[in-house]
Structures are given as structure tokens and as C-alpha cells.
Amino acid sequence: MRLRRKRKPREPVEELLGISFRDRTLLRKALTHRSYAHESGLGSEDTNERLEFLGDAVLDLVISDHLFRNYYHLDEGELTRIRSHLVNMNSLAELAREVGLGEYLFLSRDEKADGGADKSSIISDALEAIIGAVYLDQGLQAARELVMRLFRDRLREAVSGRLDFDYKSQLQELVVKERGILPRYRLREEGPDHAKTFYATVYIGDRKMGTGSGSSKKEAEQAAAREALKRKRAQSPHRPVRESRESKPRE
């Protein structure tokens, strides 16, 4: 009688994502930011940057394939807009926050103190790196299953026509109606001229109501306004957030 080898218990992050890695060194690498590698004396091959590159391609393929096979009524332009809405830094960062991925990242002490576990650029890259790691560990079908678990609700929402919200206009309309004042935005930027990341904070009066980041000032402000609207909706759950199809998703 052959004894079955007991499986190792899942790591918390595996439970979080509903996956079990055969090679957990891939999982650790997917969670390792370059700041941690530099601080710990590790090489660039021990960071999640190459896995993020691979995961980005796998994610694009899975989303594109699903849209192509299931939505015959959509033309090429509509398919592209939906994919662009789903597969961008802010959308990925929001998903990563929803599942609580940030607390499992390996960051340097300085990056952690600077709020790196919640930075859109860092957590979105980590999510793509995990998708790349699953692909290497278990193949395309396992990666596809993970992507569909994460994106299923957003896919349905996007295909139904709710592609994007003009969050800034909604927030302004709501705040002017309630308080007779305009929201104020503060911006800062990081990185070289060819690859800047913008960070926005929105204030209502003296109160900070939301933060966001993006590759443009507009994108960062929209992300901050979205967070502010979510916070206000949580305070007044009976008030729906009005949808708008005028703003276009990032290509």
C-alpha cells in the first residue's frame, strides 16, 4: 500500500487567492519588490519584475480570448476599450486592494514606511507577477482560472456597458449640492519624465477624502475622486453613484 504524500498547508496568500503553488519560490519572487531585494542584498533576478512582464502578457491573452469567444456582438474597437478598462494599473490595484494583497508584499523598510503596500504601481505589478508565477507553476489553464475568478464581475459590468465613471464630475456635483464648495486636489509626481507616476489627494474642506495614482494627472485625480465617492457612499449607502459613459477608459 502506497502512502500518499501529505500536501503542505497553504500559505495565507495562497488561501487569499485560492491557489496552491507547487514551487513556492515562484510565489515569494512574485511578492518581492525591488526595494526589498536591494535592501536584502538579493539580485534583480529575485524580484517580481520579470514575472510582472510575463503576467501582463498572460492577463492580456486571457481577457482578450474570453472577450473574443463570448461576445460576438462586440466589434474590435469595443473589445479594445473593454480590455483597456480592465487591464490597467488602477483597475489591477483596486483588485489587489480588495483581496488584501498588499500586506503580503516584501518591501524595504523605507518603502513600507512610505505606504508602498498600498501604492497602485506596486500592488498592480505584484498582482500581474502572481499571474505570471501561476502560469509558470501550473500552466495557462490555472492562470486562466485565477484571472477569471478575479475579473468575472468586472467583465460582466464592462460588457453590460458600464465602462467607466466620470468620478470627478460626480464628486463635484455631490459636494456642491451638499456643502456648496468644490473638492480640492493636490498632486505630486515621481519618476523620470518618460515614466512619471502621479499621485492625487482630494480634500473636501479640510478633510482628506481620497487618494489615487496614475500615469497622468487626470487618471490620478479620477482615482482619488473614485475613492472619495466610495467613502461617501459607505457613509450614505442609500445614495446610488450615477454612471456616466462619456469618459473614455485609458487605452
Side-chain angles (χ1 to χ4, degrees), residues 2-70 82-108 111-112 116-156 158:
R2 294 180 64 183
L3 296 176
R4 290 185 179 180
R5 182 179 296 176
K6 290 185 178 180
R7 286 189 176 185
K8 294 180 181 178
R10 279 180 173 180
E11 296 286 339
V13 70
E14 291 177 301
E15 293 285 354
L16 194 73
L17 297 167
I19 54 179
S20 296
F21 275 84
R22 296 166 184 162
D23 180 1
R24 285 184 177 160
T25 61
L26 284 170
L27 174 60
R28 183 178 178 89
K29 189 176 293 188
L31 298 171
T32 301
H33 187 250
R34 64 178 177 272
S35 64
Y36 180 89
H38 179 74
E39 183 179 76
S40 305
L42 302 174
S44 60
E45 69 277 7
D46 296 308
T47 74
N48 63 10
E49 292 177 348
R50 284 170 56 84
L51 284 173
E52 182 267 328
F53 165 81
L54 179 62
D56 177 67
V58 173
L59 177 58
D60 259 2
L61 172 62
V62 170
I63 295 295
S64 298
D65 180 72
H66 179 81
L67 290 171
F68 181 85
R69 292 177 185 274
N70 290 281
I82 290 170
R83 185 183 61 192
S84 297
H85 173 70
L86 294 168
V87 184
N88 64 67
M89 181 178 69
N90 284 325
S91 179
L92 292 171
E94 185 175 340
L95 270 175
R97 290 186 186 101
E98 285 180 3
V99 299
L101 185 61
E103 66 178 284
Y104 299 100
L105 301 185
F106 294 100
L107 305 168
S108 69
E111 188 63 67
K112 191 176 295 185
D118 194 53
K119 286 183 180 177
S120 294
S121 57
I122 291 177
I123 58 177
S124 61
D125 284 354
L127 185 57
E128 287 184 321
I130 285 174
I131 293 168
V134 171
Y135 171 77
L136 287 179
D137 190 61
Q138 297 173 41
L140 181 59
Q141 184 55 33
R144 185 191 308 275
E145 290 171 2
L146 173 61
V147 169
M148 293 310 300
R149 275 201 308 276
L150 291 170
F151 283 86
R152 184 169 284 110
D153 289 343
R154 279 176 165 76
L155 269 164
R156 290 171 180 163

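These figures come from a predicted structure and were not determined experimentally.
Checked against L59 for a side-chain contact (heavy atoms from CB on, under 4.5 Å), the options L54, L92, L86 give a single hit: L92.
Proximity of a side-chain donor or acceptor of D56 to a complementary backbone N or O of F53 within less than 3.5 Å is not detected. In this structure, D23 contributes its side chain and D137 its backbone to no donor-acceptor pair below 3.5 Å. Judged purely by atom type and a 3.5 angstrom limit, N70 uses its side chain to pair as donor or acceptor with the backbone of H66. Remark: the backbone N or O of L51 is not paired with any side-chain donor or acceptor of N48 at under 3.5 angstrom. Of the possible donor and acceptor atoms, none in the side chain of S64 sits under 3.5 Å from a partner among the backbone N and O of L61.
Contact between E11 and E14 at its shortest, heavy atoms only, is N-OE1, 2.6 Å. A143 and V58 make their closest contact through CB-CG1, 3.9 Å (heavy atoms, listed as atom of the first residue, atom of the second, distance). Taking each heavy atom of A129 and A30 in turn, the nearest pair found is CB-O, 3.6 Å. The two residues A37 and G43 have their closest heavy-atom pair at CB-O, 4.2 Å. For S124 against M89, the heavy-atom pair with the smallest separation is OG-CG, 3.4 Å. Taking every heavy atom of both residues into account, S35 and S108 meet most closely at OG-N, 3.1 Å.
Taking F106 as the reference, Y36 meet the ring-ring contact (aromatic ring centres under 6.0 Å, His included) condition, with sequence neighbours excluded. In this structure S40 satisfies the side chain to side chain donor-acceptor pair (under 3.5 Å) test with no other residue, sequence neighbours excluded. Remark: L146 engages L17, I19, I130, I131, V134, R149, L150 in a side chain to side chain contact (heavy atoms under 4.5 Å, CB included) (not counting sequence neighbours). By the side chain to side chain contact (heavy atoms under 4.5 Å, CB included) test, D118 pairs with R97, sequence neighbours left out. Taking the side chain to side chain contact (heavy atoms under 4.5 Å, CB included) definition, one finds that R144 meets it with V62, D65, L140, Q141, M148, sequence neighbours left out.
For the salt bridge (Lys or Arg N to Asp or Glu O under 4.0 Å) condition, the pairs that include at least one residue of residues 43-54, sequence neighbours left out, are R34-E49.
Under 4.0 Å is where a charged nitrogen must lie from a carboxylate oxygen, and between E39 and K112 no such pair does.
Considering only heavy atoms from C-beta on, R154 comes within 4.5 Å of E94 through its side chain. Put simply, the side chain of L107 reaches to within 4.5 Å of the side chain of I122, judged on heavy atoms. Looking at heavy atoms from C-beta onward, L155 lies in side-chain contact with L67 at the 4.5 angstrom threshold.
Taking CG of L101 as the start and CG of L31 as the end, the distance is 6.5 Å to the nearest 0.5 Å. Note: I63 CD1 to H85 NE2 = 11.0 Å, rounded to the nearest 0.5 Å.
Dense packing is recorded around CZ of F21, with more than 12 heavy atoms of other residues, nucleotides or ligands lying under 6.0 Å away.
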